[in-house]
Amino acid sequence: MQIFENLESNVRSYSRSFPAIFSLARGSILLTDDGRKIIDFLAGAGALNYGHNNHRIRAAIAEYLASDAIVHGLDMATPAKLEFMETFSSIILRQRDMQYRFQFTGPTGANAIEAALKLSRKITGRQNVISFTRGYHGMSLGAIAASGNRFYRTGSAVPLSGVSFMPYDGYLGPAIDTADYLRKVLFDESGGIDRPAAILVETVQGEGGINVARNEWLRSIESIAKNIGALFIVDDIQMGCGRTGEFFSFECAALSPDIVVLSKSISGYGLPLSMLLIKEGLDLWQPGEHGGTFRGNNLALVAATAAINAYWRCRTFSEGIQRMGDLTRRRLDAIASRYGNGFSVRGRGMALGFDCQKPELAEVTARKAFEKGLIVERCGAVAEVVKILPALTIDLEILNQGLEIFEEALTEAMKQT
Ligand SMILES: *Cc1c(COP(=O)(O)O)cnc(C)c1O
């Protein structure tokens with residue numbers, strides 16, 4: 001690791017939490033160069049919902065590469081893009097009675113967020129955007145302006161403007177419906193909040209601590225957006241693509257966002273791909289107005305098509321995620337109640353958070369887990385929550401082994417902290 005310390009910028013982060021050289025991976029198991037096998041409960045921060053090197057997806061990529069088909073084509077038309085849009089339309093959208101246009105943005109989630117905000121501001125002629133406490137939307141200036149974390153915001157070193165933060169569901173305790181507050185200030189002629197171009201929300205806050213918004217709250221936010229003439233944007237970058245059990249995280253709330261932002265697991269293989277789904281009638285871009293060299297990378301599109309074909313043609317995969325999520329949840333709930341300490345478990349589907357209350361405890365737990373062969377990351381305002389984010393394709397046996405390690409690590413950490 002010394003050479004990484006000497007050569008790589010101090011900004012590196014995950015390599016500090018997980019000090020090893022990772023050389024091979026398959027499914028939910030990583031292999032280090034010194035021969036350790038490590039269970040992965042981080043899944044590329046949600047970019048590997050189908051596991052590492054998923055062979056059902058890899059076959060399509062390998063065949064595509066071997067055929068001399070277009071890999072990089074800017075945003076030109078290719079059969080790979082056509083096939084993706086047709087597959088996504090018929091298997092994902094049409095089955096859910098949804099109608100959207102596709103915008104392929106630059107490869108990062110942050111770039112797709114920038115595009116969504118830019119389009120909302122252009123359509124409405126307004127500047128302000130409503131976003132929520134503990135929200136996370138990416139690291140570029142527009143996206144970080146809409147993100148709560150002080151450390152990241154400070155890192156920008158320029159004024160971050162154009163966003164008003166409102167309390168997320170549950171932020172002020174269970175007795176207060178924060179949607180009522182949002183409605184009140186927005187419709188108050190002297191409420192001090194400029195009319196928003198958009199309301200940007202995560203249905204479950206990933207980086208913010210696996211905070212789950214209630215369906216009624218989400219529906220209220222959607223209707224407030226509609227009433228005030230703002231676009232309703234769901235950032236489904238981390239919680240989409242099956243993470244919460246259904247393809248989109250907002251299906252259980254029956255929302256109909258004006259813009260849906262997808263990235264992370266949309267390519268299915270960890271290849272960079274980001275996109276917006278834009279409601280018919282809202283696609284008011286001028287040609288080329290949001291550009292990018294790496295829009296809709298064809299290899300990623302081929303992988304995305306293969307992933308949808310492999311997992312989303314019927315309900316089996318989705319039902320499996322929900323079953324596995326319930327099982328994981330019960331196991332974590334049992335751990336939380338066994339050790340007390342104010343622990344709590346939150347989440348939906350296979351996006352789960354174990355709230356340790358204390359950041360040191362979460363930190364030591366994650367460190368000990370890694371020593372014992374499990375990768376888990378932390379999230380929340382002060383990284384006090386251990387995030388359980390396994391691949392959706394994980395074997396039950398490996399899932400249980402990982403949970404076993406988590407419990408051992410937690411108990412040891414409790415003795416030490
Ligand atoms: C990861 C993430 C982003 C940013 O995506 P990048 O590819 O890292 O730019 C935005 N929103 C949410 C909810 C995320 O989890």
Side-chain angles (χ1 to χ4, degrees), residues 11-14 42-49 103-118 120 129-149 151-153 155-156 160 163 165 168-169 198-213 218 232-244 248-250 255 257 259-277 290 292 294-297 300 304 347-353 377-381 383 385 387-389 392:
V11 79
R12 68 199 189 281
S13 56
Y14 289 109
L42 175 56
L48 292 165
N49 281 4
Q103 179 186 355
F104 301 100
T105 65
T108 63
N111 190 257
I113 293 287
E114 297 289 345
L117 298 181
K118 225 197 259 189
S120 307
V129 164
I130 301 291
S131 125
F132 294 92
T133 51
R134 308 269 164 92
Y136 179 75
H137 302 287
M139 288 280 177
S140 52
L141 288 180
I144 203 75
S147 302
N149 188 289
F151 176 62
Y152 296 146
R153 295 179 67 85
S156 297
L160 298 171
V163 178
F165 281 85
Y168 193 68
D169 192 22
I199 302 184
L200 171 64
V201 71
E202 298 159 86
T203 62
V204 179
Q205 294 182 321
E207 299 309 299
I210 313 291
N211 307 314
V212 183
L218 290 166
F232 179 60
I233 307 174
V234 172
D235 178 348
D236 232 7
I237 291 177
Q238 187 163 155
M239 292 302 149
C241 305
R243 177 51 59 188
T244 63
F248 297 109
S249 73
F250 51 82
L255 305 179
I259 301 178
V260 182
V261 190
L262 292 171
S263 179
K264 291 210 164 94
S265 271
I266 183 66
S267 84
Y269 204 77
L271 295 171
L273 178 65
S274 297
M275 63 191 232
L276 302 186
L277 298 171
H290 186 86
F294 290 108
R295 280 173 290 164
N297 178 272
R348 197 142 67 69
M350 285 291 271
L352 292 156
E377 185 44 322
R378 291 165 300 137
C379 60
V385 179
K387 188 167 164 190
I388 312 283
L389 209 72
L392 308 177

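Sequence positions, counted from 1, serve as the residue numbers for this chain. Counting convention: from 1, in listed order, for ligands and their atoms alike. The analysis underlying the following values was restricted to heavy atoms, covering all of them including side chains, and did not include hydrogens, waters or symmetry mates.
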| Partner residues of Asp236 under the salt bridge (charged side-chain N to carboxylate O under 4.0 Å, His left out) criterion, sequence neighbours left out | none
| field | Under 3.5 Å donor-acceptor, Arg153 side chain and Ile144 backbone | value | yes
| task | Could you tell me whether the side chain of Ser265 and the main chain of Asn49 form a donor-acceptor pair under 3.5 Å? | result | yes
| query | Given side chains that start at C-beta, do those of Val260 and Phe250 come closer than 4.5 Å, heavy atoms only? | reply | yes
| field | Whether Tyr168 side chain and Glu202 backbone form a donor-acceptor pair below 3.5 Å | value | yes
| remark: When rounded to the nearest 0.5 Å, the distance separating OG of Ser274 from CD1 of Ile266 is 9.5 Å
| Exactly which residues line ligand 1, taking a heavy atom under 4.0 Å from it as the test? | Thr108, Gly109, Ala110, Tyr136, His137, Gly138, Glu202, Asp235, Ile237, Gln238, Lys264
